[in-house]
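Below: one structure, written as structure tokens.
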Protein chains: 2
Amino acid sequence: MESVIPYRSDMKATFQPIRSPRISEEVIAQIKSAILSGQYQPGDKLPSERELIEQFGVGRGVIREALRALEATGFVTMRQGPNGGAFLKELNFNHLTGGFVDLYLAGKLTIPELNQVRKLVEPEVARLAAARVNDAYREQLRQALAGERGQFCDGDDRMQGMTRVHFILAEMCGNYLLHAIVNAMIKLTHEIVATVEPQEHYALHGAGEHDAVAEAVIAGQPQRAAEAMRAHLDQFCQKLLNMDRRYRGQATG
Amino acid sequence: MESVIPYRSDMKATFQPIRSPRISEEVIAQIKSAILSGQYQPGDKLPSERELIEQFGVGRGVIREALRALEATGFVTMRQGPNGGAFLKELNFNHLTGGFVDLYLAGKLTIPELNQVRKLVEPEVARLAAARVNDAYREQLRQALAGERGQFCDGDDRMQGMTRVHFILAEMCGNYLLHAIVNAMIKLTHEIVATVEPQEHYALHGAGEHDAVAEAVIAGQPQRAAEAMRAHLDQFCQKLLNMDRRYRGQATG
DNA sequence: TATGTAGCGATGGTCATACCAATCGCTGCG
DNA sequence: CGCAGCGATTGGTATGACCATCGCTACATA
């Protein structure tokens, strides 16, 4: 390591830092900084590992650990071969959904808790969606409703179809953070069902249960949309709870 | 690689998998599985890197990348020296707060969006807290209120004091997921302020602004607590918005 | 006896090199 | 014109060496 490493010139009066004795942290910080300052755009390719080794003047292990951490936190994806390398991802919240599932599997998160949050957030999302509806979204919602009545090639595909309306509403609400939270909750629900009831999930959710919500949103009626969503969730959450009880009853996990 | 690796015997009818051509993913999956199945408790120490190399029959780089990923996702922390190694952390949501800050810095998240979520969630949290209050929590709240009037050795310390009430209420609400979301929102607010206004944050939040909320909770009045929280957030979010406007006005970032 | 200190050894952190594996593009043969 | 195969580029893995850190022990010293 030589010259480089300009970092945190805004040090405070107190002392604290004693920077992490890990070079990969420095590498991560510099790459992150370059990304967040706009020097790289989503889709861009970082220099190859060999190039980074030269530019940073460190060993390959350090570079790889840094890239692995950046991958784990959703900044990049790695591809192999020529034209391969580390590519910047569109920054979003998807990478933390897995963390929620882990929490559930570790028993730190229960279905009632998840239900409570969904019942708090999603009616509000439906309300916002109804207030911002336009023709493009109306069309998407109609297609989603139609899709619920279609054929599915497997259970996973079916679940995709049944959560479609929720995802559309989340996107419609116009708040990226809210969108992200709802997405995480839905995917968490999705993954929990897929984990504990990989076969019989069809019993959980029938076609048409989103009709009332979607129609209220299409009609641009916020209050009615919120109430319809609340009613839908009351019904669905109860089923989910029953499923969870069966699961925890038969297999301790 | 030989014998080992029992993984996912519950395969479905469809095909999809074609698992990632990366051995470290397998290592991660096995360690995670061991953790989630309860073979390790928080505080326990995983085998040393050299031992893992033998047990898994892989190179050291693989093990290190796996550990680095587990560290990035909040499963373990690493310590050096004898009695060092990879130690299991109590699983929680803290590790994703950093991700939110990144989103903000990348411009994918705005203060109004953050404010909207806080105004939706925190009044409900205050309501739940008021319904579940007990003497221990009453005492904590009183201490937090008193703490707001005390002396602070630096700005960071001060901000800790000012967010104390919010954290207590989040814990009181009895929903771990809600608790986690609120924690993330508050820490995000905290870090944003510390990032864009490292010096003058004292103007944002005066002592006593939580009095009404805390008193309503202590009195066990859910409705009043929710309204007080809403009023507090209306006031605070406006200040935050002004700060953000000043920041984005002077420095494009 | 108590205490300070030097050094051993276990562990994570780093480096260098070599080779394997995947993949894209080019080249040349059919 | 199309396809097979080679080669180059890039990530993935293995190995071995060495450094940095730090707890413990044993020895030296007061």
Side-chain angles (χ1 to χ4, degrees), chain A residues 1-5 7 17-31 35 40 43-89, chain B residues 1-5 7 16-31 40 43-89:
Chain A
M1 299 301 307
E2 42 187 347
S3 60
V4 220
I5 310 181
Y7 190 71
I18 306 241
R19 294 228 309 274
S20 151
R22 224 182 282 173
I23 299 180
S24 59
E25 300 287 345
E26 281 292 337
V27 174
I28 293 172
Q30 282 199 47
I31 294 178
I35 293 172
Y40 288 99
D44 286 359
K45 177 173 134 12
L46 259 51
S48 73
E49 293 185 359
R50 268 92 172 175
E51 284 180 74
L52 289 174
I53 290 172
E54 285 188 7
Q55 290 189 32
F56 281 103
V58 300
R60 193 166 173 204
V62 170
I63 297 295
R64 287 187 60 80
E65 287 182 17
L67 291 175
R68 191 64 69 252
L70 288 171
E71 196 183 28
T73 48
F75 275 85
V76 303
T77 52
M78 311 291 291
R79 283 208 296 271
Q80 204 163 325
N83 302 352
F87 291 84
L88 261 68
K89 281 170 60 172
Chain B
M1 300 300 308
E2 42 186 348
S3 58
V4 220
I5 310 179
Y7 190 75
Q16 285 198 349
I18 306 255
R19 301 194 35 81
S20 149
R22 222 181 285 172
I23 299 182
S24 59
E25 301 286 345
E26 281 292 337
V27 174
I28 292 172
Q30 280 199 47
I31 294 178
Y40 288 99
D44 285 1
K45 178 173 130 18
L46 259 52
S48 74
E49 294 184 357
R50 269 92 174 176
E51 283 181 76
L52 290 173
I53 290 172
E54 285 189 7
Q55 290 189 31
F56 282 104
V58 301
R60 193 165 172 207
V62 170
I63 297 295
R64 287 186 60 81
E65 286 182 18
L67 291 176
R68 192 65 66 251
L70 287 171
E71 198 183 26
T73 47
F75 274 86
V76 303
T77 52
M78 311 291 290
R79 282 207 297 271
Q80 202 165 325
N83 300 354
F87 292 84
L88 261 67
K89 281 169 62 172

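Letters A, B, ... are given to chains in the order of the sequence lines, protein chains preceding strands, and every chain is numbered from 1.
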Roughly, in whole Å, what's the span from [atom1] in [X] to [atom2] in [N]?
X      : N       : atom1 : atom2 : value
I53(B) : dA17(D) : CD1   : C1'   : 13 Å
L52(A) : dG12(D) : CG    : P     : 13 Å
R22(B) : dT10(D) : CZ    : P     : 17 Å
E54(B) : dA14(D) : CD    : P     : 14 Å
I23(B) : dT15(D) : CD1   : P     : 11 Å
E51(B) : dA10(C) : CD    : P     : 12 Å
K45(A) : dC24(C) : NZ    : C1'   : 13 Å
R60(A) : dG16(D) : CZ    : P     : 18 Å

How many angstroms lie between atom [atom1] of [X] and atom [atom2] of [Y], to the nearest 0.5 angstrom?
X      : Y      : atom1 : atom2 : result
L70(B) : K89(B) : CG    : NZ    : 11.5 Å
M78(A) : Q80(A) : CE    : CD    : 9.5 Å
Q55(A) : Q30(A) : CD    : CD    : 10.0 Å
S48(B) : I53(B) : OG    : CD1   : 8.0 Å
L67(B) : R64(B) : CG    : CZ    : 8.0 Å
I28(B) : I23(B) : CD1   : CD1   : 12.0 Å

Proximity to the side chain of [X] - top-ranked nucleotide from [options]:
X      : options                   : answer
Q80(B) : dA18(C), dT10(D), dT21(D) : dT21(D)
P82(A) : dG23(D), dG12(C), dT9(D)  : dT9(D)
E49(B) : dC15(C), dG11(D), dG12(C) : dG12(C)
S48(A) : dT10(D), dC24(D), dG12(D) : dT10(D)

Residues D44(A), F87(A); criterion side chain to side chain contact (heavy atoms under 4.5 Å, CB included); working and verdict: CA-CA 6 Å; D44(A) 286 359; F87(A) 291 84; over 6 Å; no

Smallest separation among heavy atoms of A66(A) and S24(A), with atom names: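 Heavy-atom minimum between the residues: CB-O, 4.0 Å.
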
Where Y40(B) and P47(B) come nearest, the two heavy atoms and their spacing: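 Closest approach of Y40(B) to P47(B), heavy atoms only: OH-CD, 3.6 Å.
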
Sugar-phosphate, base or nothing in reach of G59(A), heavy atoms under 4.0 Å: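 It contacts sugar-phosphate atoms only.
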
Sugar-phosphate only, base, or nothing, as touched by R50(B) at under 4.0 Å among non-hydrogen atoms: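 Base contact.
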
Pairs flagged by side chain to side chain donor-acceptor pair (under 3.5 Å) wherever residues 67-79 of chain B is involved - sequence neighbours left out: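 Those involving residues 67-79 of chain B are R22(A)-E71(B), E65(A)-R68(B), R68(B)-E71(B).
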
OP1 or OP2 of dG25(C) under 4.0 Å from side-chain N/O of N83(A):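 It does, given that an N or O in the side chain of N83(A) lies less than 4.0 Å from OP1 or OP2 of dG25(C).
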
Terminal axis angle for the helix from dT1(C)-dA30(D) to dG30(C)-dC1(D), five pairs an end, nearest 10 degrees: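 Helix axis angle between the two ends: 10°.
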
Proximity to DNA chain D (any heavy atom under 4.0 Å), residues of residues 61-78 of chain A only: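 Heavy-atom cutoff 4.0 Å gives R64(A), R68(A).
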
